[in-house]
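For reference, the structure discussed in these notes is given below.
The chains referred to below are lettered A, B, ... by the order of the sequence lines, with proteins before strands, and numbering in each begins at 1.
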2 protein chains.
Amino acid sequence: MSETRWLDDDEQRSWRTFLWASQLLHESLDRQLQRDSGMPHTYYMILAMLSEAPGRSMTMTELARRVRSSASRLSHAVSKLETLGWVCRGKRPGDARTTVATLTDEGFAALAEAAPGHVEEVRRVLFDRLTPEQAEQLRDIFEVVLANLNSTDGC
Amino acid sequence: MSETRWLDDDEQRSWRTFLWASQLLHESLDRQLQRDSGMPHTYYMILAMLSEAPGRSMTMTELARRVRSSASRLSHAVSKLETLGWVCRGKRPGDARTTVATLTDEGFAALAEAAPGHVEEVRRVLFDRLTPEQAEQLRDIFEVVLANLNSTDGC
DNA sequence: CCTGTTTACTTGAGCGCTCAAATGAAGCCG
DNA sequence: CGGCTTCATTTGAGCGCTCAAGTAAACAGG
């Protein structure tokens, strides 16, 4: 057992500021999408990732990797998206294990309608307040964080 | 209706990187606390804020403001924390409206036990990967974001 | 006073998420 | 081939959160 390396005052301040801000930021995004387009942010991202894939289709596993989601979360989400008629599930012939999720035309339309308002909100809560240098710093910081989390969580 | 100002490639990259990273970061924190101390991160923060208050007590409204929570979320959370025996509710004599939440000794003990592991996790996912300059940039960025969200959400 | 408004907080329904367990197909090996 | 492991995905229980509605005390103006 080693001594706990507590956060000093500067770190404490950085930490809580980031924590509160990112929490409020996520909530703002979620609220805007829910209010204006009737979907949570997670679902928006699933639709967005599918829309960028060839044939608007992706394996469940691949899709989960893309949206940084657990298999379980994605499965529940796609079930809901299926009942909304925005996504449909299919099987690949010759492979009974993998399921392929495909964005329907209705799903694409819902995404297209939600996108402008969502982008506005992203600007409002983040980019409109940041200098270009800060946007760059932001990316540099979280690329490191992301790389770390991607590697260590699989252990 | 104005044209949508879409995100350019740099912004898109910054945005998604931040989004995925902060999401995974929150999940990591939550998982660690849930696993090692049986509480979600939100509850940890409530306990932490109470522990720093004079008399380990705070009004529900003030506590909600401190943890950036809705009144509803806080009320539900404090109800749960009460059943765990970590917090208790009380009334101020001469004021029948305001409820005062107080951290119990058991609550303080639970917090004290959870703290070292939590701080380790914060270091592991964030500060150990950042230079001191980056920690400063992080604070500068999110102070702006936070100020913006605090002011605009009340409208 | 009485009435309408604001303040402080609670409640309940519904939903998305987590975790653990289950299903069932594929691949591997003696 | 038969059994073991791994892989891809689903399922169900339980929980925290949101939103809308409800309660009830304090206050403000006629």
Any N/O pairs under 3.5 Å between the protein and nucleotides 18-22 of chain D? List them or say none.
unit_1, atom_1, unit_2, atom_2, d
D:dT18, OP1, B:Arg73, NH1, 2.8
D:dT18, OP2, B:Arg73, NH1, 3.4
D:dT18, O4, B:His76, NE2, 3.3
D:dC19, N4, B:Ser72, OG, 2.6

query = What nucleotide, of C:dG16, D:dA26, C:dA26, holds the atom closest to the side chain of A:Arg97?
reply = C:dA26
key: Gap between atoms CZ and C1', on B:Arg68 and D:dG16 respectively (whole Å)   = 21 Å
ask   = So do the side chains of A:Asp8 and A:Glu11 get within less than 4.5 Å of each other, counting heavy atoms only?
value = yes
inquiry  = With a 4.0 Å cut-off on N to O distance, would you call B:Arg124 and B:Glu120 a salt bridge?
reply    = no
task = Using a 4.0 Å heavy-atom cut-off across all strands, classify B:Ala71 as base, sugar-phosphate, or nothing.
result = base
task = Quick one: label B:Thr98 by what it contacts on the DNA or RNA (base, sugar-phosphate, nothing), any heavy atom closer than 4.0 Å.
result = sugar-phosphate
note = Walking DNA chain C from its 5' end, the first of B:Ser79 and A:Ala77 to be reached, judged by nearest nucleotide, is B:Ser79
request  = Return the value, rounded to whole Å, for the distance between atom CZ of B:Arg92 and atom P of C:dA8.
outcome  = 11 Å
query = How many Å lie between CG on A:Asp95 and C1' on D:dT6, as a whole number?
reply = 14 Å
Between side-chain atoms of residues 38-49 of chain B and protein atoms elsewhere (two or more places apart, or another chain), which donor-acceptor pairs fall under 3.5 Å?
none

inquiry  = Without decimals, in angstroms, what is the distance between A:Glu82 CD and D:dT11 C1'?
reply    = 14 Å
key: Protein-nucleotide distance (B:Tyr43, atom OH; D:dC15, atom P), rounded to Å   = 10 Å
query = Between B:Glu121 and B:Arg31, is the closest basic N to carboxylate O distance under 4.0 Å?
reply = no
message = Under 4.0 Å between a side-chain nitrogen and a carboxylate oxygen: does that hold for A:Arg16 and B:Glu52?
response = yes
inquiry  = Counting the atoms with a prime plus P, OP1 and OP2 as sugar-phosphate, which does B:Ser75 contact under 4.0 Å by heavy atoms, base, sugar-phosphate, or nothing?
reply    = base
ask   = Rounding to a whole Å, what distance do you find between B:Leu63:CG and C:dC9:C1'?
value = 13 Å
inquiry  = Does a side-chain N or O of A:Thr42 approach OP1 or OP2 of C:dC17 to a distance below 4.0 Å, or not?
reply    = yes
key: Basic-acidic side-chain contact under 4.0 Å: A:Arg5, B:Asp128   = yes
Cation-pi geometry met for A:Arg139 and B:Phe18 (6.0 Å, 45°) = no
key: Value in whole Å for how far the P atom of D:dC17 lies from NE2 of B:His26   = 13 Å
task = Measure the distance from CE on B:Met60 to P on D:dT23 and round it to the nearest whole Å.
result = 19 Å
ask   = When we call it a touch if two heavy atoms are under 4.0 Å apart, what does B:Arg89 touch: a base, just sugar-phosphate, or nothing?
value = sugar-phosphate
